Engineer: 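Attaching a single structure in structure tokens format; questions to follow.
Everything numeric in this text was worked out from a predicted model, so none of it was measured.
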Amino acid sequence: IGLIFQEKGNIDIAEQIYKKCLSISEEIAAKKGNSMIVELSHSYRKLGDISQKKGDFNSAEELYIKCLSIDEYIVSKTEHIHSREDLAHTYRLLGDLYTKKENENLAEDFYRKALDLTEQLAKEIDFKDSLIFLYDSIGNFFMTKGNLDKAEDFYRKGFILAENIAEQTETLNARNN
């Protein structure tokens, strides 16, 4: 529900819903242990997104770091694909945030982590869409640094991957018709 309000531009209502979800998840996690830990991570991530949209980068950072801590813990305990997807997503969000905060070293570190994990996931499952978004984010990062050659390299990788996906989709659609 929070996502719907967020997409409609009702950021304050979305934030209230995400805070309520976080509160419920914390309550259940306190009673049942780690069974709600993934929900905690998602709530922190969504609240971080809201903070970032509001321009409160320090709050977003704090929330994303909490999310990161949980994601890394989950991945350390399980090899579940979705856990690694969440971790890669959090790495990218932190890279995006540190780009906005003009902390190039941290942005580059988190983008590197996101890239390593996302490329690994793309070999295991159909995770190419996320790879396209990541290439775009890294391209934006290098663009803000003024490194146009590296920016172009990442934009080009994303573009080529998107073209390949489009061609595969057209081929599948042609076969199904």
Side-chain angles (χ1 to χ4, degrees), residues 1-31 34-75 82-118 121 127-148 150-151 154-155 158-159 162:
I1 296 173
L3 184 59
I4 291 170
F5 282 101
Q6 188 175 339
E7 290 298 315
K8 288 182 173 182
N10 296 321
I11 302 298
D12 293 331
I13 295 172
E15 183 178 33
Q16 290 172 4
I17 292 168
Y18 292 141
K19 284 182 178 179
K20 182 68 174 173
C21 289
L22 177 62
S23 176
I24 292 168
S25 296
E26 287 174 332
E27 202 173 296
I28 293 172
K31 292 177 185 174
N34 287 340
S35 64
M36 289 300 289
I37 198 164
V38 171
E39 296 306 320
L40 283 172
S41 171
H42 290 172
S43 295
Y44 285 130
R45 184 178 300 113
K46 290 297 184 188
L47 285 167
D49 293 345
I50 295 289
S51 293
Q52 194 169 170
K53 282 190 189 313
K54 288 182 162 185
D56 186 352
F57 297 144
N58 291 332
S59 176
E61 179 180 20
E62 182 181 314
L63 291 160
Y64 287 151
I65 293 297
K66 287 180 180 181
C67 177
L68 175 66
S69 176
I70 293 169
D71 290 346
E72 288 178 334
Y73 172 79
I74 293 170
V75 168
H82 296 300
S83 302
R84 292 186 293 145
E85 289 174 0
D86 287 344
L87 181 58
H89 184 67
T90 303
Y91 284 152
R92 184 184 61 80
L93 289 173
L94 280 161
D96 292 345
L97 176 68
Y98 287 124
T99 297
K100 289 178 183 170
K101 288 183 80 170
E102 298 180 359
N103 188 331
E104 293 178 2
N105 291 334
L106 282 175
E108 196 163 0
D109 287 346
F110 280 105
Y111 283 138
R112 175 59 47 207
K113 289 178 181 182
L115 186 59
D116 291 345
L117 186 52
T118 304
L121 286 166
F127 205 58
K128 292 174 183 71
D129 290 347
S130 292
L131 195 53
I132 293 169
F133 288 115
L134 180 57
Y135 286 152
D136 187 63
S137 288
I138 296 172
N140 292 339
F141 167 72
F142 283 115
M143 182 75 87
T144 62
K145 284 180 63 169
N147 190 334
L148 301 182
K150 275 197 168 184
F154 280 97
Y155 289 143
F159 182 75

Engineer: Salt-bridge test for R45 and D71: reply yes if a basic N is under 4.0 Å from a carboxylate O, no otherwise.
Structural biologist: yes
Engineer: Do N147 side-chain atoms and K150 backbone N/O form a donor-acceptor pair below 3.5 Å?
Structural biologist: yes
Engineer: How long is the straight-line distance from OH of Y91 back to CG of L93, given to the nearest 0.5 Å?
Structural biologist: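 The distance works out to 12.5 Å.
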Engineer: Could you tell me if the side chain of Y98 sits less than 4.5 Å from the side chain of E104, heavy atoms only?
Structural biologist: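 Not in contact.
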Engineer: How about N58 and D56: do any of their side-chain heavy atoms sit closer than 4.5 Å?
Structural biologist: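 Side chain of N58 against side chain of D56, heavy atoms only: contact under 4.5 Å found.
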Engineer: Decide if atom NZ of K101 counts as having more than 12 heavy atoms of other residues, nucleotides or ligands within a radius under 6.0 Å.
Structural biologist: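 Atom NZ in K101 is crowded, with more than 12 foreign heavy atoms closer than 6.0 Å.
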Engineer: Which of these passes side-chain contact (heavy atoms from CB on, under 4.5 Å) with Y64: D96, L47, L97?
Structural biologist: L97
Engineer: For atom CD1 of I24, is the number of surrounding heavy atoms from other residues, nucleotides or ligands below 6.0 Å larger than 12?
Structural biologist: yes
Engineer: Is there a side-chain contact between L115 and Y111 (heavy atoms, below 4.5 Å)?
Structural biologist: no
Engineer: Write down the atom of S25, the atom of L40, and the distance for their closest heavy-atom approach.
Structural biologist: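 Smallest heavy-atom distance, with atoms named: CB-CD2, 3.7 Å.
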Engineer: Considering all heavy atoms of both residues, which atom of G2 and which atom of I17 are nearest to each other, and what is their separation?
Structural biologist: N-CG2, 3.7 Å
Engineer: Do other residues, nucleotides or ligands put more than 12 heavy atoms under 6.0 Å from the CZ atom of F133?
Structural biologist: no
Engineer: Do NZ/NE/NH1/NH2 and the carboxylate oxygens of D49 and K54 come within less than 4.0 Å?
Structural biologist: no
Engineer: Looking at every heavy atom in both A60 and G48, which two are closest together, and how far apart are they?
Structural biologist: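 Nearest heavy atoms, A60 then G48: CB-O, 3.5 Å.
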Engineer: Can you find a pair of side-chain heavy atoms, one from K46 and one from L63, that are under 4.5 Å apart?
Structural biologist: no
Engineer: Could you state the interatomic distance from CD1 (I70) to CG (L87), rounded to the nearest 0.5 Å?
Structural biologist: 12.0 Å
Engineer: State, with a plain yes or no, whether a side-chain heavy atom of L94 is found less than 4.5 Å away from one of I65.
Structural biologist: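 They are in side-chain contact.
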Engineer: Do Y18 and Q6 touch side chain to side chain, with heavy atoms closer than 4.5 Å?
Structural biologist: yes
Engineer: Considering non-hydrogen atoms only, spot the tightest contact between A107 and T99 and give its length.
Structural biologist: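 Heavy-atom minimum between the residues: CB-OG1, 3.6 Å.
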Engineer: Enter the distance from K66:NZ to L22:CG here, rounded to the nearest 0.5 Å.
Structural biologist: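 Going from the NZ atom of K66 to the CG atom of L22 covers 7.5 Å.
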Engineer: Taking all heavy atoms of R92 and all of S137, pick out the closest pair and write down the distance.
Structural biologist: NH1-OG, 3.7 Å
Engineer: Can you find a heavy atom in the side chain of D12 that is under 4.5 Å from one in the side chain of F5?
Structural biologist: no
Engineer: Looking only at side-chain N and O atoms, does Y155 offer a donor or acceptor that is under 3.5 Å from a partner on N140?
Structural biologist: yes
Engineer: Out of curiosity, K8 NZ to I4 CD1, how far, rounded to the nearest 0.5 Å?
Structural biologist: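 Rounded to the nearest 0.5 Å, the NZ-CD1 separation comes to 7.0 Å.
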Engineer: Show the nearest heavy-atom pair for residues S130 and T118, with the distance to one decimal.
Structural biologist: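 That closest heavy-atom pairing would be C-CG2, 4.2 Å.
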Engineer: Under 30°, 30 to 60°, or over 60°: which ring-plane class applies to Y135 and F154, parallel, tilted or perpendicular?
Structural biologist: tilted
Engineer: To the nearest 0.5 Å, what is the distance between CD (E15) and OG (S51)?
Structural biologist: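 Atom-to-atom, E15:CD and S51:OG are 6.0 Å apart.
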Engineer: If you round to the nearest 0.5 Å, how far is NE2 of H89 from NE2 of H42?
Structural biologist: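 Rounded to the nearest 0.5 Å, the NE2-NE2 separation comes to 8.5 Å.
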Engineer: Decide, yes or no, whether a salt bridge links E108 with K145 under the criterion of side-chain N to carboxylate O below 4.0 Å.
Structural biologist: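 Result for this pair is yes, salt bridge flagged.
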Engineer: With side chains defined as the heavy atoms from C-beta onward, is the minimum distance between D86 and I74 less than 4.5 Å?
Structural biologist: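 The answer is no, as the side chains (C-beta and beyond) never meet within the 4.5 Å cut-off.
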